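Beneath this line is the structure, given in structure tokens, with notes to follow.
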Amino acid sequence: MEVAKTIQSVRSLVKAARGKGKKIGFVPTMGALHIGHISLIEAAVKKCDFVVVSIFVNPTQFGPGEDFEKYPRPFNDDLKICRNTGVDVVFAPTQRQMYASENLTWVNVEKLTEQLCGRFRPGHFRGVTTVCAKLFNIVAPDIAFFGQKDAQQAFVIKRMVADLHMPIEIVICPTVRQSDGLAVSSRNKYLTEQQKKDATYVYKSLQKCERMIEAGITDTQKITAEMGKILSRAPSIKIEYISIVDAETLQTRDRIGRQVLAAVAVRIGSARLIDNILVDVSKQ
Ligand code: AMP
């Protein structure tokens with residue numbers, strides 16, 4: 001496994017692999033790798049011949065007062081995980097390389113970034129799409145892998161790639177959960193043992209939503225009210241939003257129809273946690 005710290009070096013490694021006819025897979029991450037990231041890497045290893053993982057804590061997707069400074073950066077552990085999962089290149093650029101002293105070019109996906117997390121994290125998705133556009137231009141993968149855990153992010157990236165005609169396939173991998181249902185996240189490290197127990201109510205609320213839809217309930221207000229009740233059982237949870245939106249447009253709906261995305265964002269202590277499920281109503 002190679003560790004590329006410069007744009008030039010990752011480009012020449014990818015160029016050599018492509019020259020041998022290899023299909024290039026790419027997994028962008030902010031490091032602090034866990035089994036969620038590993039599932040993406042495994043999918044990439046399966047589908048591609050040459051896998052690049054980027055590790056870059058992207059400053060432009062963090063808002064003022066968010067956790068950019070304290071975001072975990074266990075770089076050596078991350079390299080070990082990459083080595084053990086069959087990664088070919090880890091691309092770990094410096095901030096200076098990714099952003100010139102004054103970055104004047106931004107990529108912004110409209111509308112889709114105004115709902116859900118976009119309402120609470122202004123500028124977040126502009127940072128995500130800009131860094132992904134840069135990374136896609138640097139790595140030039142055939143396929144890039146993202147997690148359903150960050151559903152809106154995956155959705156927005158897919159739209160950016162389509163709108164800008166980037167020749168990249170986007171594969172979305174299922175959310176990896178602990179046995180108690182908690183979605184695995186680098187930010188779970190911020191939680192105390194009690195808060196980790198409280199955090200399991202997030203997935204419980206999503207399961208309740210699924211059960212209600214399965215039972216034929218279509219009134220989204222009724223469903224979100226029940227989800228709120230479940231979340232309120234956990235003393236440390238502060239709800240940011242509970243939303244049921246159309247899975248294709250991310251628009252809020254009064255009544256369930258076709259495929260819906262049920263998404264929850266909460267604050268527990270200093271952590272902001274998100275989770276979601278897709279419910280295919282036509283199959284109920
Ligand atoms: P991050 O390092 O948090 O920016 O995440 C990098 C990628 O890993 C993103 O595409 C995330 O959606 C994905 N990811 C994070 N947690 C999980 C999880 N629990 N299951 C599946 N994918 C995940």
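Order of appearance sets the numbers: ligands from 1, and atoms from 1 within every ligand. When a residue number appears, it is its place in the shown sequence, counting from 1. If you're wondering where the values come from, they're calculated on a predicted model, not measured in any experiment.
At a heavy-atom distance under 4.0 Å, only side-chain atoms of H37, from C-beta outward, approach ligand 1. Residue A154 does not touch ligand 1, judged by heavy-atom distances below 4.0 Å. Here L40 has side-chain heavy atoms under 4.0 Å from ligand 1, and that is the only part of it that gets that close. Of all the heavy atoms of Q148, none lies under 4.0 Å from any atom of ligand 1, so neither backbone nor side chain is involved.
Considering backbone and side-chain atoms together, T175 places no N or O closer than 3.5 Å to any N or O of ligand 1. An N or O contact shorter than 3.5 Å is missing between C173 and ligand 1 by distance. Residue-to-ligand polar distances place D150 within reach of ligand 1: an N/O pair is separated by less than 3.5 Å. The N/O atoms of P28, backbone and side chain alike, include none that comes under 3.5 Å of an N/O atom in ligand 1. For a threshold of 3.5 Å applied to N or O pairs, the pair formed by F145 and ligand 1 contains no separation below that value.
Under the 4.5 Å side-chain criterion, counting only non-hydrogen atoms from C-beta, H37 is not in contact with D78. Counting heavy atoms from C-beta on, the side chains of D88 and E2 never come closer than 4.5 Å.
Of the possible donor and acceptor atoms, one in the side chain of Q115 sits under 3.5 Å from a partner among the backbone N and O of K111.
Ligand 1 lies nowhere less than 4.0 angstrom from a heavy atom belonging to R187. Within the 4.0 Å heavy-atom shell around ligand 1 one finds Q153.
Counted by atom type alone, D198 and S236 present one or more donor-acceptor pairs between their side chains at under 3.5 Å.
Relative orientation of the F120 and Y241 rings is parallel, given thresholds of 30° and 60° on the angle between their planes.
With T249 as the fixed residue, the side-chain contact (heavy atoms from CB on, under 4.5 Å) test singles out one of D246, T252, V245: D246.
With ligand atoms numbered from 1 in the order given, ligand 1 contributes 2 (O), 6 (C) to contacts under 4.0 Å with heavy atoms of T29. Each of the following atoms of ligand 1 lies closer than 4.0 Å to a heavy atom of V184: 16 (N), 17 (C), 18 (C), 19 (N).
Of all heavy-atom pairs spanning C82 and V53, the tightest one is SG-CG1, 4.2 Å.
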*Determine, step by step, whether D142 and R18 satisfy the salt bridge (Lys or Arg N to Asp or Glu O under 4.0 Å) criterion, reporting the C-alpha distance in whole Å, the side-chain angles of both residues, the deciding distance to 0.1 Å, and the verdict.*
CA-CA 10 Å; D142 296 292; R18 178 158 286 121; 3.3 Å; yes

